[in-house]
There are 4 protein chains.
Amino acid sequence: MSTPHKVAIITSGGDSPGMNGAIRAIVRTAIYHGLEVIGFKYGYQGILDANYVEMNARSVSGILQRGGTILGTSRCKAFLQESGRKQAAANLDELGIDVLFVIGGNGSMRGAHELLKVWDGQVIGLPGTIDNDCGGTDFTIGYFTALDTALESIDKIRDTAEAFDRVFLVEVMGRKAGDIALGVGITGGAEEMLLPERPCDLDQVVERMVLSKERGKGSYIIVVAEGAYDGGAPRLAEELEKRTGYACRPVVLGHIQRGGSPVAMDRWFATRMGAFAVKAALQGANGVMVGIEKNELVTNPLEKTWQENKSFDPFIFEIQPMLSI
Amino acid sequence: MSTPHKVAIITSGGDSPGMNGAIRAIVRTAIYHGLEVIGFKYGYQGILDANYVEMNARSVSGILQRGGTILGTSRCKAFLQESGRKQAAANLDELGIDVLFVIGGNGSMRGAHELLKVWDGQVIGLPGTIDNDCGGTDFTIGYFTALDTALESIDKIRDTAEAFDRVFLVEVMGRKAGDIALGVGITGGAEEMLLPERPCDLDQVVERMVLSKERGKGSYIIVVAEGAYDGGAPRLAEELEKRTGYACRPVVLGHIQRGGSPVAMDRWFATRMGAFAVKAALQGANGVMVGIEKNELVTNPLEKTWQENKSFDPFIFEIQPMLSI
Amino acid sequence: MSTPHKVAIITSGGDSPGMNGAIRAIVRTAIYHGLEVIGFKYGYQGILDANYVEMNARSVSGILQRGGTILGTSRCKAFLQESGRKQAAANLDELGIDVLFVIGGNGSMRGAHELLKVWDGQVIGLPGTIDNDCGGTDFTIGYFTALDTALESIDKIRDTAEAFDRVFLVEVMGRKAGDIALGVGITGGAEEMLLPERPCDLDQVVERMVLSKERGKGSYIIVVAEGAYDGGAPRLAEELEKRTGYACRPVVLGHIQRGGSPVAMDRWFATRMGAFAVKAALQGANGVMVGIEKNELVTNPLEKTWQENKSFDPFIFEIQPMLSI
Amino acid sequence: MSTPHKVAIITSGGDSPGMNGAIRAIVRTAIYHGLEVIGFKYGYQGILDANYVEMNARSVSGILQRGGTILGTSRCKAFLQESGRKQAAANLDELGIDVLFVIGGNGSMRGAHELLKVWDGQVIGLPGTIDNDCGGTDFTIGYFTALDTALESIDKIRDTAEAFDRVFLVEVMGRKAGDIALGVGITGGAEEMLLPERPCDLDQVVERMVLSKERGKGSYIIVVAEGAYDGGAPRLAEELEKRTGYACRPVVLGHIQRGGSPVAMDRWFATRMGAFAVKAALQGANGVMVGIEKNELVTNPLEKTWQENKSFDPFIFEIQPMLSI
């Protein structure tokens, strides 16, 4: 293996706060080590289109505190085909790229894995997604900001819920992963949390709602992960209203959870992971994603990002009913 | 007219940030002037139920910075009947109430107006609603916080809109009044704003969207007031997607706009209006709402709150197309 | 008078949140009207150095939500000399500038006024300063954000003040103007406010502190404007600690009050004033500052900005002692 | 060992955001397990004064999102004497307390340790301090919020630093621990960080400042931990101004770092640690502090909290100079 000379960066899939911090860390540490750096625009699509910008230390000034991604992102269909990936490989070779850094979720890591079957450069992944649904790392870049954004919304909704003694259903992101729902459910003091990972027993939910009203507790907040109930919070609100007779208001937080200036923890992990990814690249790592496990920076094979099933600490489910009495 | 001895407060209709500041100002200035104060719980419903708490200076400690209302609120149907209002009048007399302070929107002011037909105490209104849709005052308590909350959400959505070069439709509160939509449209740099007060010409909207894309501007944000399009942002997104072929994402901000710690301006007006309401009561005012007009504290007849049609400065519509080029 | 063809913008003096919104509005409305636009860097210094950038609609993309000023600012000493201003006039002529827009405080407006004695172009001012100490307008761009920033800090300090039953002195900006101190004092529920405009009677402050402690109220917050006490909050804390025996902690908020993403009201006024300034320029206005008076956009002679003495509504001082009982 | 029947809680030392979440979790899980709960006011002082409140599930409603501590806190001198601790032990016995939960920093844990020498109940500690300077846990309750508060301030100061091309020195809390300084230095993109744990070589600092100016980078932010330089940021600013000739502005963040609504991570750890502390108590644990190590809830002997020297990951110091180029 020879030393890399030129590297490229993409951000791919749903944007997440902290992606810019990762870009900044990669660019600056790469430049420090004498590498050339380019950034493709709009994820894998940019590789296919050879749509890129050259990057230097100044290109990433003032971006650490910005949400979104200065490189843009997309969900690229052409790259799902082998023909697309071969085109990408050809373009990377044409541009003399030795290392490709891919910042995204586990879908993007799969893409990176497939690319390596047709390209002989190095690929290093970084976990950038608000959903925290990526194996090979305890935390993904963007998760902490999304958590605080959703939490602020729940704190606000609580004001109205208490003023009216009313039931609110708050839908948060997470099609397959309940990390945001669990996080804001506990930290927002929600009376109930519905997660994709746990079957939802509506009878029990109804029973607890009635019990709570009888005890005289007025407001009641149910956090619903996107993927936990078919039709989401709006449909569940209708159902619960029918069954309990209480007015139930749904709120779908939606895309506000993606944006915003990243909180400290996301900048912290983004910066450390970005620098660590460059270090790994210089040491010849390939086909791996950088992550954080038990407070340590690590690399793991790309496959682990979609194969590993992380599970929640069961203690949290043990205590949740005690907390909302 | 004799000097009042005992006063009561209600918060009524949708809660708004700053209501607590108004309660605090009324309670403390009233107590300073030697008045007894009680607070009915859950708006007019609390008068009907004689559900109240006695209030002193400490009852309102630490509430200035809190969203919602410590007195609770409701939309009371029984009070829409004359029989309900007579019951309320009887309860107020029974409790020896000389003045009733009503903090709420123009619906609550109508209720206050009707109450005075069957009760011979004094009623003083204060404009508490996020919608800013109340005649007799330039600003309502809660409007500024709602504006900043919606604006923060739009800033976040902009991050994703730019990362993806995508169209977003953001629905904000305002069934009949476009104040929030106009405010956040201009301050959020939205490309388009749809208000209940202005007919929505979809053909023009589509034309401008296409023109903007052709000019190479990727992200496009359309702020939609609740009452501006039948079916709201979700339906409009479908329609625009069909007509333009661009992916259009709806986001309904919903109840997060009501809550949250009030910003300085809402605390400022709440405090001044609360104290001014007590002053007006001591001077014998009746059937009026306190307001702020051209920076001056004023009182206006309750009728003005639903009869006056405030209009927007036309200059803002003149410049809006120039700002989003 | 001929129609202008080319205009220039500077931001001058202390930066304030919303300056970027004013720049954006000027640039876009000017371009809409077919004008050429340049921006000098670092205020008057940039005119002296002929240090400028050409601006188009894209130059101001994504800046509406940013604090600070993309043009930079400075306090330029050379411009205080007539020779400096003559050099500036020569440079403006050299570049073919017809109109200069100056965004800044009343010191910058004085500079603009002096410039007009040696230059025969048009000068239009816009009030950009957090201190709100500018005649000819009810509000300056940046004041609202500074208020909310200081208020958030006071809310945080209140948490600790209450946990410890302690006295805190919070120093806010305002050498000659107490607008921030008054605003956050009232909206933060401070027990005491010391303003440059009102003589500070320490004996009375001490008396009220003692009375409050005796009444059992633990925490006590005194808001001190920069210019209200010689040596500021740190020195006053020492003095009050000596006199009362209570532990008194000073906090100097300092430069955090200047920055941050502008709140809605600052973007609102910045945008409207910016567009109005261009309109005024096209109509031949000269030697005036744009402002907002009683909710109306106005222009006033530059002199008014430092000659007019705005005063506070006396009602606020009447009620303040009632509010903190 | 017999099963506990009655438990008590104190918060001690500097308040930190999340203490209320820990109180809530202890109260509710304890009540769920049939225990009686009281809360002493103002830390150890409250035990000495037998100043307490009885607590039930409703006592802790609506406190999860509040900064400070509803129980109050203090730095109690009498408890530093054995006589004081014996009095405390007598009062605890008098009230029939079986378990005392102490939420505070390592000073409070030392106090707890000393108390156990004269009292034969159970004592369980929880790490509540913004400084993160507590052995036996990777994170303390309050650290994350303090980090985000300081970071927001630095983001704001950056706006002005860039507008003026100026040097700012920002002093953050941390007499002996540089955790906040390091955290916000990296995540705020500071050019320099001075920590108590690392000797400060002023010559090198000056050299880097000069080099940076020469490279044309205008703004320069130096984060200074409280204990890193004698006289703090104000004195260091004078010194650097003298040596470099650049205007250097100090900002001391001070007590605003302690307050504020806790961010998700602090509520998360507070809630889990609180519930875990009750579980540990029920299992007979004594003389230990609850903590989080490598993502796992643990208990460690109280001594570890002041004896363990945690160290920073050296990689962060390796990359810091690369990041600020």
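Note on naming: letters A, B, ... go to the chains in the order of the sequence lines (proteins, then strands), and numbering restarts at 1 for each one. Note that the structure is predicted; figures quoted are calculated from it, not measured.
- Your options are C:K279, C:E152, C:E318, and the one with the most heavy-atom pairs under 4.5 Å with chain B is C:K279.
- Counting heavy atoms from C-beta on, the side chains of C:T187 and B:F269 never come closer than 4.5 Å.
- With a 4.5 angstrom heavy-atom cutoff, C:D313 touches chain B only via side-chain atoms.
- The line from CG of C:L64 to CD1 of B:I154 is 11.0 Å long, rounded to the nearest 0.5 Å.
- Within residues 130-138 of chain C, the residues approaching chain B closer than 4.5 Å by heavy atoms are, in numerical order, C:D138.
- For the atom pair CH2 (C:W268) and CD1 (B:I316), the distance works out to 4.0 Å, reported to the nearest 0.5 Å.
- Rounding to the nearest 0.5 Å gives a distance of 12.0 Å between CG of B:L323 and CZ of C:R272.
- Between B:D155 and C:S261, the shortest heavy-atom distance links the atoms OD2-OG, 4.2 Å.
- Using a 4.5 Å cut-off between heavy atoms, B:F144 contacts chain C through its side chain alone, with no backbone atom that close.
- For the options B:A57, B:A275, B:P321, heavy-atom pairs under 4.5 Å to chain C are most numerous at B:A275.
- Atoms CZ and CZ, from B:R58 and C:R215 in turn, are 8.0 Å apart once rounded to the nearest 0.5 Å.
- Looking at heavy atoms from C-beta onward, B:K294 lies out of side-chain contact with C:E293 at the 4.5 angstrom threshold.
- Across C:M322 and B:R28, no two heavy atoms sit closer than the pair O-CB, 3.5 Å.
- Taking B:L147, B:V263, B:D266, B:V27 one by one and counting their heavy-atom pairs under 4.5 Å with chain C, the maximum is reached by B:V263.
- We find that B:D148 and C:R267 are not joined by a salt bridge, their nearest charged nitrogen and carboxylate oxygen being 4.0 Å or further apart.
- Atom CD of C:E296 sits about 12.0 Å away from atom CZ of B:F315, to the nearest 0.5 Å.
- The CD1 atom of B:I319 lies 7.0 Å from the OG1 atom of C:T271; values are rounded to the nearest 0.5 Å.
- With a threshold of 4.5 angstrom between heavy atoms, C:L151 approaches chain B through side-chain atoms but not through N, CA, C or O.
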